[in-house]
Protein chains: 2
Amino acid sequence: MVATTTLKKISEMLNISISTVSRALKNHPDISERTKQKVNDLATMLDYEPNPYAIQLSSKTSKVLGLIVPKVSDLFYTSFIDAVEEESRKNGYSLIILKSDNDVNVEINHVRFCKKQRVAGVFASVTPDTENLEAFERLKEVEIPVIFYDRVPTTEKFVRACFDDKAAAILAAETILEKKKKKILALFGDTHISITQQRLEAFKDVFKKHKSTNKLITAHTRTFEESIAVVTEHFNGDDKPDTIFCMSDEIMVGVMKALQILQLSVPKQVSIITISNDGFYPKLYHPEITYIETSGYKLGKLAFEIMIKAINGDKTIQEYDVDPVLVEGSSLV
Amino acid sequence: MVATTTLKKISEMLNISISTVSRALKNHPDISERTKQKVNDLATMLDYEPNPYAIQLSSKTSKVLGLIVPKVSDLFYTSFIDAVEEESRKNGYSLIILKSDNDVNVEINHVRFCKKQRVAGVFASVTPDTENLEAFERLKEVEIPVIFYDRVPTTEKFVRACFDDKAAAILAAETILEKKKKKILALFGDTHISITQQRLEAFKDVFKKHKSTNKLITAHTRTFEESIAVVTEHFNGDDKPDTIFCMSDEIMVGVMKALQILQLSVPKQVSIITISNDGFYPKLYHPEITYIETSGYKLGKLAFEIMIKAINGDKTIQEYDVDPVLVEGSSLV
DNA sequence: GTGAAAGCGCTAACAC
DNA sequence: GTGTTAGCGCTTTCAC
């Protein structure tokens, strides 16, 4: 390691004490202007940079946030990370990314790591299999705030930042009903995930309430290939859907691939509506797909705001929601 | 802060010295088995976790890596990050993500931050406007290794990990020539970026060498909308291209949107070939797009490998390349 | 085989 | 206004 400039070094060069230097650098009112001048000048000249490890060690506060994410290469998480990174930077924090790969054990290790690292706070979106929240509770014990986002556990014990999944599904369902659609194929993701359940229930409820004469078929798909298969199957039958609802971008791109293969034109032969993150994928197609926007970016901003509150001692435990917005394309008529 | 268990605490409880505890925990040969036993038992019982800040402070080595990236929400960087995160975790490092947003000043601040933070190493993909590498040189002065990846500066002074851009472009060009295509529209990105230049030159060279009778038209586009506009323009003229080459996924999705609008069918009316990251976007279309694969994931693995070498004292400065691979779809016949 | 002591770079209470 | 001192939790040298 090359010699770095420290408080001690500056104090020796100026023949004053370390604490005076420390105070001067912090613009402490006790210190005379002259001394401050001298100290600051020398500090900038020597390119002084406080050692963050020493600060943490003696002050016991860290400026690092941990972000536990199932997967980085996913448009949703990616825009969430973008937002949190921006805010962290603006607020003097740095962000450690910890990917769980949807593995509970990896996740637990990440949480432990955060504790060990004494981070200032943790953002976490859990794996579909996360049930035991003990590791997270340990974090709370040592007063490290935890903000769950997107895939949050069903508990009232932690702060959560989510989309209003029900509202999004309701908005989608109502939009479909307005257009007087008769036969709707609605595709949802993995049944284990709370988001799926919320969206599914709310969606179904709308149809029930309206006692409509439409036919609603729901299905669950986990992969791109499965989505293609389900759509193909339904269009090979007699009673073809006139509308497809997709719970997510991931499902929608599979559906669109299937429609291309089947050579069905949108919206002439089938209408499409999806829930989408930031509307990136819907815009790839022509006509553009009508979607309900749920923005990872917005959620990230919200989550950060909550984090700052929590770090500053706000102990309110509640769920915060980002409201969905309908963005009209031309895929649903 | 809640009381954490420290070496001191353990030493007091066991009535032995701090250094003995420290050694025992490290399985130092000097310490008797009995003592080691006792210490380890108590340590696990008390859930002892060494304070990383104290370790860094006294040992002057950190286990944190910095990753400077222009943008997180980009499939390429995202898979790069995925790979680096995985390797970091496996090797006991943590990863700090620093997004530059393609702003030179933000980038410089990130580099300074890394220095201040005394990270163990820095990965960086520079902005299109980065010219002054002074900040990076400072990093080298304090012996923090820097690995440039993807968008690397044109310098022999730093280690670089890239795709073999020329090889990718050559492979694409040769594939087109083999199919006896007559009129090729080749779309490239921002002219300032070295990748663009490399790919453009190599691509053109192939066509020159073959002294073929084809017509090659090149164009540059910076945005989704621009790509759509350029394609539309060329197909509204008389002399319509029979093939479009796209330098990247970003360009390709714009081209495909334009073709959907123009109602041109692939590959019947126009053939498509693109360079793609991990082939995600090419698979969204039917028929699937033929592409030259450049994998951000592979590049990430490579970059990490080089980083470890550098951290371990390897001072070799050179460029490392990931070779491109042709993946046949059905969009080029 | 174990302990004492100095030091990493900084903060903060207390003294003058 | 400025200096002294102890301490954060750990590593490491030297002593016994």
Side-chain angles (χ1 to χ4, degrees), chain A residues 1-40 42-43 46-64 92 115-120 142-143, chain B residues 1-40 42-43 46-64 92 115-120 142-143:
Chain A
M1 198 63 167
V2 174
T4 41
T5 115
T6 64
L7 290 187
K8 191 178 168 197
K9 204 159 154 185
I10 295 180
S11 75
E12 281 168 358
M13 290 181 71
L14 254 32
N15 258 318
I16 54 182
S17 79
I18 294 182
S19 34
T20 303
V21 177
S22 173
R23 288 188 194 110
L25 254 13
K26 286 209 178 96
N27 203 18
H28 192 108
D30 273 4
I31 306 295
S32 72
E33 279 307 322
R34 259 195 85 244
T35 320
K36 278 184 192 167
Q37 233 354 308
K38 281 198 304 187
V39 171
N40 278 310
L42 189 57
L46 295 181
D47 208 16
Y48 171 72
E49 283 167 340
N51 184 322
Y53 298 93
I55 295 177
Q56 144 68 26
L57 190 56
S58 70
S59 72
K60 296 187 165 304
T61 63
S62 120
K63 291 291 256 181
V64 175
K115 177 160 171 258
K116 185 170 148 181
Q117 202 76 17
R118 276 85 167 162
V119 298
V142 294
E143 282 165 15
Chain B
M1 199 61 167
V2 175
T4 42
T5 116
T6 65
L7 291 188
K8 191 178 168 197
K9 202 159 157 188
I10 296 180
S11 75
E12 281 167 358
M13 292 181 70
L14 255 32
N15 258 319
I16 55 181
S17 78
I18 294 180
S19 31
T20 303
V21 177
S22 172
R23 287 188 193 108
L25 253 12
K26 288 213 176 90
N27 203 15
H28 192 107
D30 272 5
I31 307 296
S32 73
E33 279 308 321
R34 258 194 84 246
T35 319
K36 278 184 193 168
Q37 233 353 309
K38 281 196 304 185
V39 171
N40 278 309
L42 188 58
L46 296 181
D47 207 17
Y48 170 73
E49 284 167 338
N51 183 322
Y53 298 93
I55 295 178
Q56 144 68 26
L57 191 56
S58 71
S59 71
K60 297 187 164 305
T61 62
S62 119
K63 291 292 254 179
V64 175
K115 178 161 171 257
K116 186 169 148 183
Q117 202 75 17
R118 276 85 168 162
V119 300
V142 295
E143 279 163 19

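Proteins come first, then strands; the chains are lettered A, B, ... in the order of their sequence lines, and each starts at number 1. Atom set for the values below is all heavy atoms of this structure, side chains included, hydrogens, waters and symmetry mates excluded.
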Practice prompt. Could you check how far CG of B:L25 sits from C1' of C:dT2, rounded to whole Å?
Written response: 15 Å

Fill in: Out of C:dT11, C:dC8, C:dT2, whichever nucleotide has its closest atom nearest the side chain of A:I18
C:dT11

Worksheet item: Just how far, in rounded Å, is P of C:dT2 from CD1 of B:I10?
Response: 16 Å

Response to the item:
note: B:K63, atom NZ; D:dT11, atom P; distance rounded to Å ~ 14 Å

Practice prompt. Provide, to the nearest angstrom, the distance between the CZ atom belonging to B:R34 and the C1' atom belonging to C:dT2.
Written response: 14 Å

Worksheet item: Using a cut-off of 4.0 Å on non-hydrogen atoms, how would the nucleic acid contact of B:D30 be classed: base, sugar-phosphate, or nothing?
Response: base

Worksheet item: Would you call B:D30 and B:K36 a salt bridge, taking side-chain N to carboxylate O under 4.0 Å as the test?
Response: no

Worksheet item: Rounded to the Å, how far apart are B:L14 CG and C:dT2 P?
Response: 11 Å

Response to the item:
Among C:dT11, D:dG9, D:dT11, the one nearest any side-chain atom of B:I55 is D:dT11

Worksheet item: To the side chain of B:T4, which of D:dT2, D:dG9, D:dC10 is closest?
Response: D:dG9

Worksheet item: Between OG of A:S11 and CD1 of A:I18, what distance do you get to the nearest 0.5 Å?
Response: 4.5 Å

Discussion item. Can you see if the side chain of B:K60 gets near the phosphate of C:dG9 - specifically, an N or O under 4.0 Å from OP1 or OP2?
Written reply: yes

Discussion item. Is a donor from one side chain sitting under 3.5 angstrom from an acceptor on the other, for B:S17 and B:T20?
Written reply: yes

Worksheet item: Going by atom types only, do A:S32 and A:T35 share a side-chain donor-acceptor pair under 3.5 Å?
Response: yes

Fill in: Euclidean distance, B:K9 NZ relative to B:L42 CG, rounded to 0.5 Å
9.5 Å

Discussion item. If you only use heavy atoms from C-beta on, which nucleotide in D:dC8, C:dC10, C:dG9 is closest to the side chain of B:K8?
Written reply: D:dC8

Item to complete: Look up atom CG in B:L57 and atom CZ in B:R118, then write down how far apart they are to the nearest 0.5 Å.
Response: 10.0 Å

So which protein N/O to nucleotides 13-16 of chain D N/O distances come out below 3.5 Å?
{"residue": "D:dT13", "atom": "O4", "partner": "B:R23", "partner atom": "NH2", "Å": "3.0"}

Discussion item. Let me test you: for the helix from C:dG1-D:dC16 to C:dC16-D:dG1, what is the angle between the axes at its two ends (five pairs each), rounded to 10 degrees?
Written reply: 40°

Response to the item:
Of C:dC10, C:dG9, D:dG3, the nucleotide closest to the side chain of A:T20 is D:dG3

Practice prompt. Select base, sugar-phosphate, or nothing to describe what B:L57 touches, counting heavy atoms under 4.0 Å on all strands.
Written response: base

Discussion item. Whether the side chain of B:Y48 engages the backbone of B:I10 through a donor-acceptor N/O pair (distance < 3.5 Å, no angle test) should be reported.
Written reply: no

Worksheet item: Roughly how many Å is it from NE2 in B:H28 to P in D:dC10, rounded to a whole number?
Response: 18 Å

Response to the item:
Winner on side-chain proximity to A:I16, out of D:dC10, C:dT11, D:dG3, is D:dG3

Worksheet entry | Phosphate-side-chain proximity, B:S32 and C:dT2, N/O vs OP1/OP2 below 4.0 Å | yes

Worksheet entry | Pairwise distance CD1(B:I31) to NZ(B:K38) - rounded to 0.5 angstrom | 11.0 Å

Worksheet item: Rounded to whole angstroms, how far apart are CD on A:Q56 and P on D:dC8?
Response: 14 Å

Worksheet item: Hey, does the side chain of B:S22 come within less than 4.0 Å of D:dT11's phosphate (OP1/OP2), counting only N and O?
Response: yes

Worksheet item: D:dT11 P sits how many Å from A:Y53 OH, rounded?
Response: 15 Å

Worksheet item: Which value, rounded to the nearest 0.5 Å, describes the distance between B:Q56 atom CD and B:Q117 atom CD?
Response: 8.5 Å

Item to complete: Scan B:K36 against the nucleic acid and name what it touches under 4.0 Å (heavy atoms): base, sugar-phosphate only, or nothing.
Response: nothing

Item to complete: Among the candidates D:dC10, C:dG3, D:dC8, find the nucleotide nearest to the side-chain atoms of A:S58.
Response: D:dC8

Item to complete: Respond yes when some side-chain nitrogen or oxygen of A:K26 is under 4.0 Å from OP1 or OP2 of C:dC10, and no when none is.
Response: no

Discussion item. I want to check one thing: is the phosphate of D:dC10, taken as OP1 and OP2, less than 4.0 Å away from some side-chain N or O of B:Y48?
Written reply: yes

Item to complete: Using a strict 4.0 Å threshold on nitrogen-to-oxygen distance, state whether A:D47 and B:K116 make a salt bridge.
Response: no

